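Written out below as structure tokens is the structure these notes cover.
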Amino acid sequence: MTKRIIVLTGAGISAESGVSTFRDPDGVWAKYDYQQVATPEGFAANPTLVHEFYNARRGSLDAVEPNPAHIALAHLEKELSAHGGHLTLVTQNVDDLHERGGAKQVIHMHGELKKVRCDATSAPSCGAVFDWHDDLGGDAQCPACGATGSLRPHIVWFGEMPMHMDEIEVALSKADLFASIGTSGSVYPAAGYVHAARGLGIPCIELNLEPSENAAAFNDAHYGKAGDIVPLWVDELLSELD
Ligand code: APR
């Protein structure tokens with residue numbers, strides 16, 4: 001029986017909730033230049049533009065709800081745990097829909113929209129991370145160290161190291177199954193996890209609207225909308241639980 005499952009999710013799992021994906025024709029990167037709004041250089045050049053970009057995305061979370069795919073993964077987490085197993089839920093997403101869908105442990109490897117960090121290259125900062133649900137601006141004061149202008153979105157920008165990599169690699173090494181849901185497989189290191197899992201002899205399944213860039217690396221796949229195929233996949237997994 002598959003007991004230790006690691007799931008990697010991407011923007012596609014939140015698409016039916018109304019959160020834009022990145023590389024679909026109407027995606028975020030069709031509207032914004034990622035170099036201006038999602039790189040340290042872009043933030044240094046125009047922090048106001050970057051704050052506006054993340055303030056708009058943070059604010060839009062109030063208008064969206066988790067969909068059946070988020071809820072199904074939370075159910076899988078609970079049922080696996082009740083049967084002596086474990087779900088490691090890793091997401092590239094910075095929204096809070098997995099948590100609002102009921103997931104108790106979520107590893108956000110690209111950060112979170114509803115958190116900010118005191119981290120400035122050109123001013124004193126303390127590195128503290130805070131929950132932050134309102135707009136953030138360049139004049140905000142760090143609640144911990146009092147520095148002004150040192151707060152930035154707690155988001156991993158292009159060129160920065162993703163978070164929790166060690167924890168993810170340990171979970172991957174112990175897994176009986178690796179599942180990738182709603183990601184184009186175009187950004188590393190996340191896109192490389194299927195290759196690492198295959199190298200460890202771990203079965204890999206892709207659930208996506210269409211074959212991703214690394215579809216060939218998977219042993220199995222279900223294609224369709226996450227809100228439809230993820231609950232069915234979870235039910236199939238749980239039917240095998242002894
Ligand atoms: N159900 C399932 N899959 C879907 C759905 C849906 N309803 N809608 C779209 N998809 C699929 C698309 O076919 C695509 O393969 O989700 C994937 C989304 O891919 P991207 O837009 O590239 O998003 P993602 O893979 O999460 O991007 C990875 O890139 O820009 C960075 O940091 C950003 O975390 C992001 C990373």
Side-chain angles (χ1 to χ4, degrees), residues 7-43 50 53-54 56-58 60-61 64-73 89-98 101 106-115 117 152-165 168 178-195 204-218 220-234:
V7 170
L8 170 70
T9 65
I13 200 170
S14 296
E16 288 153 83
S17 296
V19 180
S20 293
T21 62
F22 291 95
R23 293 170 185 83
D24 285 328
D26 59 346
V28 173
W29 301 142
K31 297 168 188 153
Y32 295 90
D33 174 355
Y34 79 89
Q35 291 174 318
Q36 286 189 317
V37 294
T39 62
E41 297 77 11
F43 186 55
V50 175
F53 174 68
Y54 287 99
R57 292 175 67 202
R58 187 182 305 110
S60 68
L61 290 182
V64 299
E65 296 295 331
N67 67 57
H70 297 108
I71 294 165
L73 289 182
L89 179 52
V90 180
T91 188
Q92 300 172 92
N93 299 342
V94 293
D95 63 54
D96 59 347
L97 292 175
H98 279 304
V106 185
I107 298 174
H108 284 272
M109 65 182 293
H110 290 168
E112 298 176 66
L113 278 173
K114 289 191 171 179
K115 285 195 167 73
R117 185 168 82 239
R152 61 163 275 183
H154 188 52
I155 298 285
V156 177
W157 286 329
F158 288 96
E160 295 185 323
M161 184 64 75
M163 301 174 187
H164 313 296
M165 301 260 288
I168 295 168
F178 172 78
S180 175
I181 302 176
T183 180
S184 61
S186 49
V187 172
Y188 287 78
Y193 288 148
V194 60
H195 302 293
C204 298
I205 185 168
E206 173 171 74
L207 291 92
N208 206 51
L209 192 63
E210 60 197 6
S212 68
E213 289 186 24
N214 51 10
F218 291 87
D220 192 4
H222 296 302
Y223 294 117
K225 288 187 170 185
D228 298 333
I229 63 176
V230 174
L232 292 174
W233 174 66
V234 167

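When a ligand or atom number is given, it counts from 1 through the structure's own listing order. Bear in mind the structure is a predicted one, so any value in this text is a computation, not a measurement. Counting begins at 1 with the first residue of the sequence.
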Evaluating non-hydrogen atoms only, which member of [options] is closest to [atom]?
| atom | options | value |
| --- | --- | --- |
| atom 18 (C) of ligand 1 | Gly182, Pro162, Gly111, Ala15 | Gly182 |
| atom 2 (C) of ligand 1 | Ile155, Leu209, Asp24 | Leu209 |
| atom 10 (N) of ligand 1 | Ala191, Gly12, Gly10, Ala11 | Gly12 |
| atom 13 (O) of ligand 1 | Lys225, Glu206, Glu210 | Glu210 |

Q | Between Gln92 and Thr183: side-chain donor-acceptor atoms closer than 3.5 Å | A |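 Yes, a side-chain donor-acceptor pair sits under 3.5 Å.
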Q: Examine the side chains of His70 and Ser14 and answer whether a donor and an acceptor come within less than 3.5 Å of each other.
A: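 Result is yes, a qualifying pair exists.
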Under 4.0 Å from a heavy atom of [X]: give me the atoms of ligand 1 that qualify, with their elements.
| X | value |
| --- | --- |
| Ala226 | 1 (N), 2 (C), 6 (C) |
| Trp29 | 30 (O) |
| Glu16 | 1 (N), 6 (C), 7 (N) |
| Phe158 | 30 (O), 31 (C) |

Q.
Is it the case that ligand 1 has an N or O less than 3.5 angstrom from some N or O of Gly185?
A.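 No: no nitrogen or oxygen of Gly185 is under 3.5 Å from one in ligand 1.
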Q | Polar proximity ligand 1 side, Thr183 side, N/O cut 3.5 Å exclusive | A |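 N/O-N/O distance under 3.5 Å: yes.
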Q | Aromatic contact, Phe53 with Tyr32 (centres under 6.0 Å) | A |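 When the ring centroids of Phe53 and Tyr32 are compared, they turn out to be within the sub-6.0 Å range.
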Q: Compare all side-chain heavy atoms of His98 with those of Pro66 and state whether any distance is below 4.5 angstrom.
A: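 In short, these two side chains do not touch, never coming nearer than 4.5 Å.
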Q) Can you check whether Tyr193 reaches Ser180 side chain to side chain, under 4.5 Å on heavy atoms? A)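 The answer is no, as the side chains (C-beta and beyond) never meet within the 4.5 Å cut-off.
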What is the closest protein heavy atom to [atom], and at what distance does it sit?
| atom | value |
| --- | --- |
| atom 28 (C) of ligand 1 | Gln92 OE1, 3.3 Å |
| atom 32 (O) of ligand 1 | His110 ND1, 3.3 Å |
| atom 11 (C) of ligand 1 | Asn208 OD1, 3.4 Å |

**Q.** Minimum heavy-atom distance Val230-Ala72, with the two atoms named
**A.**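 Shortest heavy-atom contact: CG1-CB, 4.1 Å.
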Q) What is the minimum heavy-atom distance between Met109 and Pro189, and which atoms define it? A)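 In terms of heavy atoms, the two residues are closest at CE-CG, 4.1 Å.
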Q) Around Lys225, counting heavy atoms of other residues, nucleotides and ligands shown, do more than 12 lie under 6.0 Å from its NZ? A)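 Counting neighbours around NZ of Lys225, 12 or fewer heavy atoms of other residues, nucleotides or ligands fall under 6.0 Å, so no.
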**Q.** Leu97 side, atom CG; Ile13 side, atom CD1 - distance, nearest 0.5 Å
**A.**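 Result: 9.5 Å between the selected atoms.
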**Q.** Interatomic distance, Trp157 atom CH2 to His110 atom NE2 [nearest 0.5 angstrom]
**A.**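 One gets 14.5 Å once the value is rounded to the nearest 0.5 Å.
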Q: Say whether Gly224 and ligand 1 are in contact under the criterion: heavy-atom distance to a ligand atom below 4.0 Å.
A: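 In this structure, Gly224 qualifies as a contact of ligand 1 - some heavy atom is under 4.0 Å.
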Q. Which part of Arg23 is near ligand 1, with near meaning a heavy atom under 4.0 Å away: side chain, backbone, both or neither?
A.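 Both the backbone and the side chain of Arg23 come within reach of ligand 1.
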